[in-house]
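Report on the structure given below.
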Amino acid sequence: MAGGSSRLAKAGQTRFEAREATRDSALVKGIVLTLSLVFFAVFLLLPLVVVFAEALRKGWDTYLAALVEPDALSAIKLTLTAALIAVPLNVVFGVSAAWAIAKFEFRGKALLVTLIDLPFSVSPVIAGLCYVLVFGAQGWFGSWLAANDIKIIFAVPGIVLATVFVTFPFVARELIPLMEAQGTEEEEAATVLGASGWQTFWRVTIPNIKWGLMYGIILTNARAMGEFGAVSVVSGHIRGFTNTMPLHVEILYNEYQFAAAFAVASLLALLALVTLALKTFVEWQAERAHKEIEA
Amino acid sequence: MSIRVENITKTFGGFTALHGLSLDFPHGQLTALLGPSGCGKTTLLRIIAGLEQADAGTILLEGEDATDKHVRERQVGFVFQHYALFRHMSVFENVAFGLRVKPRSKRLGEAEIRKKVMALLDMVQLARLADRFPAQLSGGQRQRVALARALAVEPQVLLLDEPFGALDAKVRKELRRWLRQLHDELHITSIFVTHDQEEALELADRIVVMNEGKIEQIGTPQEVYDHPATPFVYSFLGTSNILRGDMADGKFRPGGNAGSLAYIRPHELMVTRQGGPDAIAATVRRVFEFGALSRIELAGENQSYEVEMPQAERASLALQAGDAVFLQPRRLQVFAADGPDYVI
């Protein structure tokens, strides 16, 4: 988290503004401000407003009906299930990867750091395709999976796998710089005082990274619920079975059920707003913790 | 508990931090590991603690081989240079940590833990700050919390890694005095690492001077300061003037082939107005008159000298910048120029 640097930047800004010599002309300031505000309004705020406006265009009853319809409910359920599985898995992977990278020296560390970023650099559609190639009916393990009656592609496990893949970097990326900055001295101190590895982890490491971890979890969750590309490839779009919320929105929209499509979309938008609020709260908390450390 | 290390060797990549060191730390003594940064003193301390593994060699704690013993079981207290306090715990919880993580069968009750922690905080004079967090304390207070935390588990050995390194000069001096008092009360075998000669000389019972992974000299502060065993110790501890010259008939003569080096402390160099045999001609460059001792900087033929003398002596000589004078060593120590051989 950029808590420390953002505060420094703020102090710099105030000084920069206060000085006649470094202050920019009102015209420049006005242009820059207008540009960014217009962009923000047209490209970010307007679509958000449209989502809610379209969703409620035909009134509350239609809105609610679109949400409680069985296929919609099943999509919501599947999205929540995928997130519920993906988030804890990512927490475990992310914390262990960050721990390994920040606290140990080993061969192939640079490779691991690069690999963690892979899901960010690869298009989610390609990620989905890879899973199809590996686990699909014509894939490497396809015949074995079929023989053992295990369904991954076009089933819930595939959706979970794709979600885990695209969300993998969030927790690790958030924790690596934090853990690197904190070093290993506190862990060493705990060990010398007689704490076991487990005790050290729960009593020293976790409390120190808790806000970074929360932040990572929020981002992971947002992405897990909103993921479209990778999930779309492995899902098969079976209504009521393998449709997540974003996929359901697309189907409804393609069937010209605009009100219903926007109703489900508004749920996702709401989730985004809640995520933003949570994220701001966590950043604020983390900054407070950071201040305490520096004070 | 006595500590003995035998033939400890440690390398990091291609760099050898310790070259087969052997050392004894007698029970109840306060020993300083003194040396410039990178001399391996911290590595040695961490190996004794068990935080680092030696490549070869043995560590004996109370005569028992502890080389493969886990840090947790070595019963050492370790104080880190940057305190390493648990930032999310109060001062009280920091000190209580070692007591709380004990296995249930050995753990004290909550009331006993409270009593013990408060007693320790009293000892380090921080009882009133028990509820504060480390971030709310000054550097000196943090280091005292770290010490109380290390002592809470009743270690047999106390290891301190540059304990005052991150503090300003005044606090450092106070803490130094306080730590010495504490040691005199507890008599726990202690080793501290420092690069500050004054700290080592003032605080330790015994000083181990290290350089480039080897031991240069072991002795009491007086021994190492007054009788440095090697040129390195001479130049590392205190200031010294170095004369190039030759040994002839058991006497040192400046100049010549310069096969020998004579080390002279600033207070052992006499300033005279008249030259004698073997006197060195020099010009006074600056005179510092503050304090009980005057410090005089002089320029010789192609080197500079530093002399210390009482104010009265300087006054009687009426020394001023620009004066041409002669220097005569009262006492000097000679080493062969091409090696660490001790000549006189």
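All figures in this text were calculated on a predicted structure; none of them were measured in a lab. Below, chains carry the letters A, B, ... as their sequence lines are ordered, and counting in each starts from 1.
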Legend entry - Interface residue of largest heavy-atom contact number with chain A, from R74(B), R149(B), K102(B), under 4.5 Å: R149(B)
Inset, instruction - Select one option (side chain, backbone, both, neither) describing which atoms of T200(A) are under 4.5 Å from chain B's heavy atoms. - result: neither
Inset, instruction - Against chain B, label Q199(A) side chain, backbone, both or neither, depending on which of its atoms sit under 4.5 Å from a heavy atom there. - result: side chain
Inset, instruction - Go through the side-chain N and O atoms of T43(B) and E52(B) and say whether any donor and acceptor fall under 3.5 Å apart. - result: no
Legend entry - Modelled atom types, side-chain donor and acceptor of T194(B) and D196(B), under 3.5 Å: no
Side chain / backbone / both / neither for [X] at chain A, heavy atoms under 4.5 Å:
X	value
H82(B)	both
L85(B)	backbone
V153(B)	side chain

Inset, instruction - State whether the side chain of D55(B) and the backbone N or O of T11(B) hold a donor-acceptor pair below 3.5 Å, judged by distance alone. - result: yes
Inset, instruction - Determine, for E154(B) against K116(B), whether the closest basic-nitrogen to carboxylate-oxygen distance falls under 4.0 angstrom. - result: yes
Legend entry - Mutual orientation of the aromatic rings belonging to F86(B) and F97(B) [parallel < 30°, tilted 30-60°, perpendicular > 60°]: tilted
